[in-house]
Amino acid sequence: MGACCSTSTRSTCSSRNNGEKGPSPRLGIRFCGQKRTKKTVSDHTMTLQHLASIPNRIFANGKSRSSCIFTQQGRKGINQDAMIVWEDFLPEDVTFCGVFDGHGPHGHLVARKVRDTLPGKLMSFLDTNQPKQDGSGQICCNGNSKRLEDGGDLDKDGSTEEKLDSLWREAFMKSYKAMDKELKSHPNLDCFCSGSTAVTIVKQGSNLFMGYIGDSRAIMGSKDSNDSMVAIQLTVDLKPDLPREAERIKRCKGRVFALQDEPEVSRVWLPFDDAPGLAMARAFGDFCLKEYGVISIPEFSHRLLTERDQFIVLASDGVWDVLSNEEVVDIVSSAPARSSAARLVVDSAAREWKLKYPTSKMDDCAVVCLFLDGKMDSESDCEEQGFSSATLQSNHSGNAAESDDGGQQKSEPCLQRNFTVRSSEENEAYGRPAGGDGTTIGAAEDEGWSGLEGVTRVNSLVQLPRFSDERPST
């Protein structure tokens, strides 16, 4: 299907948005207090072919030393959400977390491919930029370094801090670009009308680096001056109705408008067809729209953590559609055991779906909770909650872990809701048939993707494009 429409990156808009002109600065990176005989980034990258056996890397329902993760299949078909926590991502005190929400016929495969590949691309970039010899301009990657954490050895003009920010910004930008390029050329994965969001963070000591595309979100629970928990939104939902996003899409000849029966949901459309109606402005994949303003360039931000910051929550829009930032922070902070926090958020979202949108098919939900003090419950507490310290599969997830080729792996504004669902009253007003009969969708691996089959929940895509033979070839 990809041959039906040109996806050449020679387009003026595509090259302007995806290209990075000029030589990149050679920013050094080394691991303070570590000899080269110990494990380095390069050594770590070599183990990526054995992802399932890498220690301190979890991608299925379970917990790690300082985090818990949980996903549950919705009622639209196969679970298209993916998630990961990778502690010891770099040799010392560096943790990588991510949530990826797929969409389209092969969205589940795209999300899992990104989950398994993107961290390695970050590693490869850092390894490439590792200096050959020591120098005063090097950036130390040791998260325990006082120089980076506490600012004890920063230059007066903050140049070291700026270099660290620049290093990670470039790492995220180039890694996302390389990831999208790999998806485009993948021989067994059709990403023409399928794609994925990504919200990814790297915690390096007290530094928090974030890169994200799409409408998955990251928030943080922190204590205010009165010692009360407050919610801080760390990312922006990159929807097509954001002015800067809409301007870029229209400049590249894409169209942005909402359907008459869902005026609150702006979508991206091809210039020559009312398809696919993508409900986000940036995504991996979705190459049918890459010439028309949809990009995979991430938004990047850098934040210094303080002692008041307690935990970070990453989640797909299946959670944010029904729970506010404050509600999620309250659920996590009041969890009886930290290892159960992610599951409690998903369970709460599932209940809210039934209460608020009884005629809509619940979306997939994926949640990552990272506790910033690095502590987790005792093993007995985890067993009491039904988790193990290893990466387990839960019957709530509805899917076995899959590789990117589909095989099983054995081993601006802060919104209260994403406004991508309709209530039962709204469905009646629009005259649409109520979807869902209360039955549970099976978890068979060969179950078809039903995201476009008339469900009442507003989908990431409206319909797949139809290409006519009369359209001139390019």
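Values in this document were obtained by computation on a predicted structure and should not be read as measured data.
Contact of the Arg303 side chain with the Ile232 side chain is registered, since non-hydrogen atoms from C-beta on lie closer than 4.5 Å. Taking 4.5 Å as the limit, some side-chain heavy atom of Lys290 sits within range of a side-chain heavy atom of Ser296. Within the 4.5 Å cutoff, no side-chain heavy atoms of Phe70 are placed close to those of Cys365. Residues Leu118 and Ser175 are in side-chain contact: their nearest non-hydrogen atoms beyond the backbone lie under 4.5 Å apart. Two residues are said to be in side-chain contact when any heavy atoms from C-beta on lie closer than 4.5 Å; Thr200 and Tyr176 meet this criterion. Under the 4.5 Å side-chain criterion, counting only non-hydrogen atoms from C-beta, Val268 is not in contact with Asp286. Residues His106 and Lys113 form no side-chain contact, since every pair of their non-hydrogen atoms from C-beta on lies 4.5 Å or further apart. Residues Asn61 and Met83 meet the side-chain proximity criterion, which asks for heavy atoms closer than 4.5 Å.
With Leu234 as reference, Ile312 is the one residue of Ile219, Val199, Ile312 to meet the side-chain contact (heavy atoms from CB on, under 4.5 Å) rule. For the ring pair (Phe, Tyr, Trp, His ring centres under 6.0 Å) with Phe209, the qualifying choice from Trp168, Phe89, Phe172 is Trp168, the only one to do so.
In this structure, Ala171 and Leu126 approach most closely via the heavy-atom pair CB-CD2, 4.3 Å. Closest non-hydrogen pair, Val256 versus Ser266, comes out as CG1-CB, 4.2 Å. Taking each heavy atom of Pro276 and Leu289 in turn, the nearest pair found is CG-CD1, 3.6 Å. Taking every heavy atom of both residues into account, His103 and Met280 meet most closely at CE1-SD, 3.6 Å. Taking both residues in full, the closest heavy atoms of Gly102 and Ala111 are given as N-CB, 3.9 Å, listed atom of the first, atom of the second, then distance. Scanning both residues, Gly318 and Ala349, for their nearest heavy atoms gives O-CB, 4.4 Å.
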Inset, instruction - Could you go through the side chain to side chain donor-acceptor pair (under 3.5 Å) check for Ser166 and Arg169 one step at a time? - result: CA-CA 5 Å; Ser166 178; Arg169 180 185 298 273; over 6 Å; no

Legend entry - Val313/Val368 under side chain to side chain contact (heavy atoms under 4.5 Å, CB included): CA gap, chis, key distance, verdict: CA-CA 6 Å; Val313 179; Val368 169; over 6 Å; no

Inset, instruction - Apply side chain to side chain contact (heavy atoms under 4.5 Å, CB included) to the pair Lys203 and Leu305, showing each step before the final yes or no. - result: CA-CA 9 Å; Lys203 178 184 175 294; Leu305 300 171; 4.1 Å; yes

Inset, instruction - Evaluate the side chain to side chain contact (heavy atoms under 4.5 Å, CB included) criterion for residues Phe100 and Ser196: first the C-alpha distance (whole Å), next the side-chain angles of each, then the deciding distance (0.1 Å), finally the verdict. - result: CA-CA 6 Å; Phe100 314 94; Ser196 177; 3.6 Å; yes

Legend entry - Derivation and outcome, side chain to side chain contact (heavy atoms under 4.5 Å, CB included), residues Thr197 and Tyr212: CA-CA 8 Å; Thr197 71; Tyr212 55 95; over 6 Å; no

Legend entry - Stepwise side chain to side chain donor-acceptor pair (under 3.5 Å) test for Asp81 and Thr71: CA-CA 7 Å; Asp81 286 359; Thr71 185; 4.8 Å; no

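Ion pairing between Asp317 and Lys239 fails under the 4.0 Å rule for side-chain N and carboxylate O.
Using modelled atom types, no side-chain atom of Lys356 and backbone atom of Pro358 make a donor-acceptor pair closer than 3.5 Å. Listed for the Glu262 side chain is no donor-acceptor partner under 3.5 Å among the backbone atoms of Glu264. Here the side chain of Asp180 pairs a donor or acceptor atom with the backbone of Gly285 at under 3.5 angstrom. Looking at Asn226, its side chain never comes within 3.5 Å of a backbone N or O of Ser228 through a donor-acceptor pair. For the pair Ser316 (side chain) and Ala366 (backbone), a donor-acceptor distance under 3.5 Å is present. For the pair Arg267 (side chain) and Gly277 (backbone), a donor-acceptor distance under 3.5 Å is present. The closest donor-acceptor contact from the side chain of Ser333 to the backbone of Asp330 lies under 3.5 Å. A donor-acceptor contact shorter than 3.5 Å is absent between the side chain of Arg308 and the backbone of Ser222. Distance alone, capped at 3.5 Å, is enough to place a donor-acceptor pair between the Gln80 side chain and the Gly104 backbone.
The line from CE of Met220 to CD of Gln233 is 12.0 Å long, rounded to the nearest 0.5 Å. Between atom CZ of residue Arg338 and atom CE of residue Met376 there is a gap of 7.0 Å, rounded to the nearest 0.5 Å. Taken from OG in Ser64 to CZ in Phe371, the straight-line distance is 10.0 Å, to the nearest 0.5 Å. In this structure, the separation between NZ on Lys63 and CD1 on Ile58 is 9.0 Å, given to the nearest 0.5 Å. Between Asp215 atom CG and Thr235 atom OG1 the span is 10.0 Å, to the nearest 0.5 Å. Taking CG of Asp363 as the start and CG of Asn79 as the end, the distance is 9.0 Å to the nearest 0.5 Å.
Not counting sequence neighbours, the partners of Ala315 by the side chain to side chain contact (heavy atoms under 4.5 Å, CB included) test are Val319, Trp320, Val367.
Using modelled atom types and a 3.5 Å distance limit, the side chains of Asn56 and Arg65 yield a donor-acceptor pair. Between the side chains of Ser66 and Glu87, at least one donor N or O sits under 3.5 Å from an acceptor N or O.
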